[in-house]
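Below: the structure, in structure tokens.
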Protein chains: 2
Amino acid sequence: MEVNKEIKIFIVDDHKMFLDGITVILNNISGLIILGVAENGKEALKLIPNLKPDILITDIDMPIIDGIELTNQLRLSYPNLKILAVSSHNNSTTISKAIKAGINGYILKNTGKVELLKAINTIFNGENYFTKEVKQLINDSIFNNKEAKKNKVKLSDREKEVLYLIAHEKSTKEIAEKLYVSINTVETHRKNLMRKVGTKNMVGLVKYAIQQGLI
Amino acid sequence: MEVNKEIKIFIVDDHKMFLDGITVILNNISGLIILGVAENGKEALKLIPNLKPDILITDIDMPIIDGIELTNQLRLSYPNLKILAVSSHNNSTTISKAIKAGINGYILKNTGKVELLKAINTIFNGENYFTKEVKQLINDSIFNNKEAKKNKVKLSDREKEVLYLIAHEKSTKEIAEKLYVSINTVETHRKNLMRKVGTKNMVGLVKYAIQQGLI
DNA sequence: ACTCATGTCACGGAAAACCGTGATTAATAA
DNA sequence: TTATTAATCACGGTTTTCCGTGACATGAGT
């Protein structure tokens, strides 16, 4: 088992215990290299230009320069730097700001090591990683539009069944036959689905179904 | 940073060097526990019932009882056991058999540690994990149907544009207005899209668009 | 020179989706 | 008890999608 790439990491946190803990954890994982650490944003800004890490793991709540301000200052100069925010609490305003600043991931301090590794791997591979709770908040508060409404509606079992079949490219007629009900009934379900989901056609329904993981 | 869960792992490989290597690597990662190892399938079948691992990492090519046979024998008795196949070569027949046997993941021996960890985390969380090359093979050979064709077709720029708008819930009329062409033209594009993608309606197009990351 | 893909447009008909409105039954929640 | 929901069905009308078929111009590649 060869190592293809080593991920160079820089960590910023004003809590020394946390800093030490995460450093030990990540140091014991080959494939990862801790290039350096800092206890505040100012120090981080000095060190990062020379060290050129792949990933910056930063606390959000820090004195003077917090994680968001740090991200803002780094984002333009280092567009390829992946920034993983680690925070002890999750309020939507902070998360919203962090996302706007351009972080690539956001996890909570009470999440396990397994998820930390997953987050690191994910953002290193160019994707964003947000922990489950944060995803929920994003849906609930930032996307305060159609999306939010989409996620609030409750579909009945029958409606889910119909939606599932729609998303599997079945026509109304086919669905009616499959469920042993009339075409009119299926059309009513479809209408109700569109009303609940907030869309005007099948395309919206399919997108919703995929987004919700119903297919 | 607390550890939520520890992942219990059992490893089978007839190459002792590989076995030692992977054991050392994984032992250095907290969150993972190597419960035991075996150099052949028979030995593994003896040890696994007592050790009850979460994840079995097994080589595919082994004498007497190979990884696929091992999977077949374990799958029924231990439905919750996650099995990660590790193989040095990737031919579609083997992969096909492995998937039918019920493995949860398939990676290659030349992949890095980072991906190994990703695979372990992924299958531990109940999802399947297949390395990129394997995914490609799956698409090319096993799903020798619509899916394969879907991934082979080339859409023209204009078609992609139309597909993008379709997936954004625009009607033919709206698309025609937006692109300054006639409705007939948009319908032709849509027809060609459906022909190329291999579907009979908008639902299939949207699913394709999402799958291809066009929206 | 010829073929092929692309992009444009047209026509007609069948099928399906879309929309509004209303109704019945059963079960459940307030 | 009353109100709400889920699930069922109906009807009529409009709009859109779906399908086949054909045509023309352009440009790139063989």
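Proteins come first, then strands; the chains are lettered A, B, ... in the order of their sequence lines, and each starts at number 1. This structure is a prediction, so every number in the text was calculated from the model and none was measured.
- Of the side-chain N and O atoms in Ser171(A), none sit less than 4.0 angstrom from OP1 or OP2 of dA17(C).
- Nucleic acid contact class of Asn201(B) (heavy atoms, under 4.0 Å, all strands): sugar-phosphate only.
- Note on Lys191(A): every side-chain N or O is 4.0 Å or more away from OP1 and OP2 of dA7(D).
- The shortest distance between the side-chain N/O atoms of Lys196(A) and the OP1/OP2 oxygens of dA6(D) is below 4.0 Å.
- For dC9(D), the OP1/OP2 oxygens have a side-chain nitrogen or oxygen of Thr185(A) closer than 4.0 Å.
- The shortest heavy-atom contact between Leu45(A) and Gln73(A) is CD1-OE1, 3.2 Å.
- Residue His189(A) has no polar side-chain atom (N or O) positioned under 4.0 Å from OP1 or OP2 of dA7(D).
- In this structure, Ile166(B) places its CD1 atom 12 Å from C1' of dC18(D), rounding to the nearest Å.
- Residue Thr172(A) places at least one side-chain N or O closer than 4.0 Å to OP1 or OP2 of dA17(C).
- Under a 4.0 Å N-O distance rule, the pair Lys118(B)/Glu115(B) does not qualify as a salt bridge.
- A close approach under 4.0 Å does occur between a side-chain nitrogen or oxygen of Asn184(B) and OP1 or OP2 of dA10(C).
- Checking Glu159(B) against Thr188(A), the closest nucleotide of DNA chain C that is more toward the 5' end is the one next to Glu159(B).
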